[in-house]
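Here is the naming used below: chain letters follow the sequence lines, and residue numbers restart at 1 for every chain.
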Amino acid sequence: MSLFPSDSEPAAAPPTAPAGLLQHLNPEQYAAVTLPPRHVLVLAGAGSGKTRVLTTRIAWLIQTGQVGPGGVMAVTFTNKAAKEMLTRLSAMLPIPVRGMWIGTFHGLCNRFLRAHWKLAGLPQSFQILDSQDQLSAVKRVIKAMNLDEERFVPKQVTWFIAGCKEDGQRPKDVEVRDEHTRKLIEVYQAYEDQCQREGVVDFGELMLRTYELMRDNAALREHYNRRFRHILVDEFQDTNKLQYAWLKMFAGPESAVMAVGDDDQSIYAFRGAQVGNMADFEREFRVDQVIKLERNYRSFGNILDAANALISHNTRRLGKNLHTEAGPGEPVRVYESNSDFAEAQWLIEEAQQLHRDGVARSETAVLYRSNAQSRVLESALFNAGIPYRVYGGLRFFERAEIKHALAYLRLIENPNDDTSFLRVVNFPTRGIGARTIEQLQDAARASGRSLHQSVGAVAGKGGANLAAFVALVDAMREATQGLTLREIIEHVIEASGLADFYRTEKEGRERLENLDELVNAAEAFVTQEGFGKDAVALPVDEQAGAIAEGSPPAVAAVDLAPDAETGEIVSPLAAFLTHAALEAGDNQAQAGQDALQLMTVHAAKGLEFDVVFITGLEEGLFPHENSLSDADGLEEERRLMYVAITRARKRLYLSHSQTRMLHGQTRYNVKSRFFDELPESALKWITPRHQGFGSGFERDYRAAWQRGSGLGGIVGAGRQPDTPPAWAAPKATTSEGQALRAGQGVFHNKFGEGVILTIEGSGADARAQINFGRHGMKWLALSVAKLTPVES
DNA sequence: TAACGATCTCTTTTT
DNA sequence: GAGATCGTTA
């Protein structure tokens, strides 16, 4: 790993940046943004302007001419974060950001493998398995190997395989400890063979293939090493072993890596994330400068005090304490209820009051530890007629009907995709039963071919039905040649019989609507996103392939043309299928509506809200019982709680319940130990602290419950209403300080007149979505864009 | 082979 | 409580 000796650093003053770009940065942020090209670790606390630093850094590097857009790679974990970065960058830079290598680890790997599919040993139209697909693929392997599903639980086997890949291990690399692992490794090998045969890759495979190709192909590695002068990694604390090794492959001797992370927000150790990567990075990249961003711009003092006090109970920390200049703000409110049901009722009342006081519902988040907890909340919200939106849970592209439609589409692209084949071969039912399928699978296994290729081997009625199915898919492929993506999907939904099936189903209405929504999603994908974004095939594969086969390593010949302009575009359908697999898609509830935000704490990472409710703070739930066995687990739960607390800007509620329905039965819970780790001075109990059963409150509640009349005003009766919060009115300002609000007309020098649709974020991070009519819809960073309010 | 009901299990987090 | 799986029946 080569480094940058200090005598080669640019002298004193950094290259001049355009006015405005570096404004409003505090000294630490400024240092991070304008650091000379060398490896650096940025310890960025919650709400310390981490994303701002990352994006401003990229913009600064480009605008000062230190690197071209093609020389930057920025990696994130979630699609949300990647999108956010692109949005902010496009507001800061006058150049198209589309061709830049900014995306999730998996998104970038996909891009890489699409470009070098041949070298990677993949079919050009390889498909991506999501976790569901992976599970069913593993099940098939286990069945095919005649293994006992009791001993080889498909889920655990899937876990095992994913874990191996995250450690960069192929079957041959895995240490055989006992008979069971030996068998597991066999399953792993068989699974790999099956995936390869079917031309599909799972999430781990995307990473591992990319890593291996970079490792084994020197020409390719040198090319990318030279290309990426600046590599920026977001949420570095969440990287696993493989991702870190991957990063080391892409970082060449001339590259500068900026790793941004927060060890206190490491909440994915359970799936392989290694916080230790931060220390390893510091050592292996010989980082001589660690920049700490400790000033918090998000939350008031009491909230921050709570977060700091809590996290101080963890032992292994890199050390960091958040501070703010915003003043103490309101105390953290704590509520104890008698049941999860009562908790939901109380929460709704409280949220309604806030809404009446002017807090947007979308600025109120309800967080919980596990998805199962959302049910009670949802039904209470539904009954109260309050709009809400649940994040997580079943996402759009994971719904059964959507997966069915996608399976047909995938078969059009790749008939050998057995996972998809099995999913829809008898859906809607067409007389192909378990027996027939078994025969088909036997035939396929015997000949080592795909199900599609083996159809002829099955005789009798089942065989005829199978032939009809294959003919149907072939006919769909024929009929959709040359159609637009929208038309293709519409055709498939009809021709497959899915539409008819759901039309006659009694509960099929919603599913039909979702299928319509799929058509819309495809349409939106083509027009707005520009489907080439993730699926541009770079025209280098042949050349690079030639090098691999021993011709002189004319590295210059591998030079990549700027992706977006000359990239050969794969079919819209293929691109859309990739999109569907890589981005599960928010479950697109009532989009655009002002709705309460419900999500798990994990899903909330990286987000912020004016008001946050953290519910279900009970032993066994939060911290979760599965994590209590070891100290590491508990520390991770604490970090999770830390993440939850630091989501709140202005008001934070913590609630726990004495009883809770779980697994269909009532459990009696003790309040979470985390309460004992919060500073009393920052808290305010809004119910008597030691209220036990048998209190008057309890009797009222029981009575109301037994009458079936609900709780109405009973819960929470008798306590002082809170005064309306002064901060409730939505505010944002132009870079000149003029007030802005949604619905407001504005003027922009380049885009002309527009109307603000939504405002997100606040302060330096505030941004607005503005409809500029014929100039289209734009997201602009308000601290950067020059906007003038106009009278409407 | 399909449809229905009974039974069983598993419930942390996700690209 | 819900989903997947299993078993019975037509």
Side-chain angles (χ1 to χ4, degrees), chain A residues 75-82 103-110 128-136 139 149-150 153-156 158-159 162 165-166 201-207 235 238-240 242-243 265-273 340 367-376 378-379 391-395 397-398 400 426-438 460-462 465 505 534 578-585 599-605 616 620-628 633 636-637 639-641 643-644 660-667:
Chain A
V75 206
T76 65
F77 270 86
T78 63
N79 293 302
K80 215 177 339 184
T104 62
F105 276 104
H106 296 90
L108 294 183
C109 286
N110 173 59
I128 299 167
L129 300 183
D130 66 17
S131 350
Q132 278 178 47
D133 301 330
Q134 195 188 3
L135 182 63
S136 63
K139 275 186 192 163
E149 289 210 5
E150 305 267 288
V153 184
K155 251 192 200 144
Q156 287 170 2
T158 309
W159 244 81
K165 291 191 181 186
E166 273 159 12
V201 297
D202 59 37
F203 288 134
E205 189 68 25
L206 282 171
M207 291 289 320
E235 308 276 16
D238 286 337
T239 50
N240 61 35
L242 176 58
Q243 282 158 336
Q265 292 189 66
S266 160
I267 55 175
Y268 285 107
F270 73 94
R271 61 162 208 231
D340 48 350
L367 308 184
Y368 35 81
R369 177 64 179 81
S370 64
N371 272 313
Q373 287 168 258
S374 76
R375 191 150 296 129
V376 187
E378 280 189 73
S379 70
Y391 291 81
L394 202 55
R395 318 271 245 307
F397 286 117
E398 290 167 1
N426 198 33
F427 193 93
T429 52
R430 38 178 78 92
I432 300 171
R435 257 207 84 99
T436 309
I437 290 173
E438 218 161 278
K461 192 150 150 265
N465 289 339
E505 271 282 280
D534 284 330
T578 297
H579 169 77
L582 234 37
E583 257 182 84
M599 66 194 85
T600 63
V601 181
H602 282 89
K605 186 157 97 156
L621 242 191
F622 201 175
H624 196 276
E625 51 200 348
N626 294 5
S627 68
L628 294 178
E636 177 143 317
E637 293 291 304
R639 291 192 293 269
L640 198 50
M641 181 67 185
V643 168
R660 185 173 297 277
M661 283 286 272
L662 210 62
H663 314 176
Q665 55 184 351
T666 306
R667 288 185 17 163

Review point. Under 3.5 Å, side chain of A:His106 to main-chain N/O of A:Leu206, donor-acceptor pair present?
Key: no
Point to revise | Whole-Å distance separating the OH atom of A:Tyr391 from the P atom of B:dT14 | key: 14 Å
Point to revise | Main-chain N/O of A:Met661 paired with A:Asp340 side-chain donor or acceptor, under 3.5 Å | key: yes
**Study point:** Distance, rounded to the nearest Å, where A:Phe427 contributes CZ and B:dA2 contributes C1'
**Key:** 13 Å
Review point. Checking all strands, does A:Phe203 fall into the base, sugar-phosphate, or nothing category for heavy-atom contacts under 4.0 angstrom?
Key: base
Review point. Is any side-chain N or O of A:Asn426 closer than 4.0 Å to OP1 or OP2 of B:dA2?
Key: yes
**Study point:** A:Arg660 side chain reached by A:Leu621 side chain, heavy atoms, under 4.5 Å
**Key:** yes
Practice item. Please answer whether the main-chain N or O of A:Ala273 pairs with a side-chain N or O of A:Asp238 as donor and acceptor at a distance below 3.5 Å. Key: no
Check your understanding: Taking for each residue the nucleotide of DNA chain B bearing the nearest heavy atom, is the 5' side occupied by A:Ser370 or by A:Ser131?
Key -> A:Ser370
Check your understanding: Between A:Glu378 and A:Arg375, is there a side-chain N and carboxylate O pair less than 4.0 Å apart?
Key -> no
Exercise for review: Indicate whether OP1 or OP2 belonging to B:dT14 is found under 4.0 Å from a side-chain N or O atom of A:Thr104.
Suggested key: no
Practice item. Would you kindly check whether a donor in the side chain of A:Arg271 faces an acceptor in the base of B:dT13, or vice versa, at under 3.5 angstrom? Key: no
Review point. Between the side chains of A:Gln134 and A:Ser131, is a donor N or O closer than 3.5 angstrom to an acceptor N or O?
Key: no
Exercise for review: For A:Ala603 and for A:Arg435, find the nucleotide of DNA chain B with the closest heavy atom, then tell me which residue's nucleotide is more 5'.
Suggested key: A:Arg435
Review point. Rounding to a whole Å, what distance do you find between A:Gln132:CD and B:dT15:P?
Key: 13 Å
List every contact pair, protein side and nucleotides 9-11 of chain B side both N or O, where the distance is under 3.5 Å.
| residue | atom | partner | partner atom | Å |
| --- | --- | --- | --- | --- |
| B:dT11 | O4 | A:His663 | ND1 | 2.7 |

Check your understanding: Within a radius of less than 6.0 Å around CZ of A:Arg435, do more than 12 heavy atoms belonging to other residues, nucleotides or ligands occur?
Key -> no
Review point. If only atom types and distance count, is the side chain of A:Thr429 paired as donor or acceptor with the main-chain N or O of A:Asn426 below 3.5 Å?
Key: no
Check your understanding: A:Glu205 has an atom CD; how far is it from atom C1' of B:dT15, in whole Å?
Key -> 15 Å
Review point. For A:His602 and B:dT14, what is the distance between atoms NE2 and C1' respectively, to the nearest whole Å?
Key: 9 Å
Practice item. Nearest whole angstrom, please: distance from the P of B:dT15 to the CG of A:Leu206. Key: 14 Å
Point to revise | Touch class at under 4.0 angstrom, heavy-atom based, for A:Phe105 against every strand present | key: nothing
Check your understanding: Would a 4.5 Å heavy-atom cut-off, applied to side chains only, mark A:Tyr268 and A:Asn240 as touching?
Key -> no
Review item, nucleotides 2-5 of chain C N/O atoms under 3.5 Å of protein N/O:
| residue | atom | partner | partner atom | Å |
| --- | --- | --- | --- | --- |
| C:dT5 | OP1 | A:Lys139 | NZ | 3.1 |

Check your understanding: Does the pair A:Tyr391 and A:Thr600 meet the rule for a side-chain contact (heavy atoms from CB on, under 4.5 Å), with working shown?
Key -> CA-CA 8 Å; A:Tyr391 291 81; A:Thr600 63; over 6 Å; no
Practice item. Starting at atom CD of A:Glu438, determine the distance to atom P of B:dT1, rounded to an integer number of angstrom. Key: 10 Å
Exercise for review: Take the protein atom CG of A:Asp340 and the nucleotide atom C1' of C:dG1, then report the distance between them rounded to whole Å.
Suggested key: 13 Å
Check your understanding: With stacking defined as ring centroids separated by under 5.5 Å and planes differing by under 30°, is A:Phe270 stacked against B:dT13?
Key -> yes
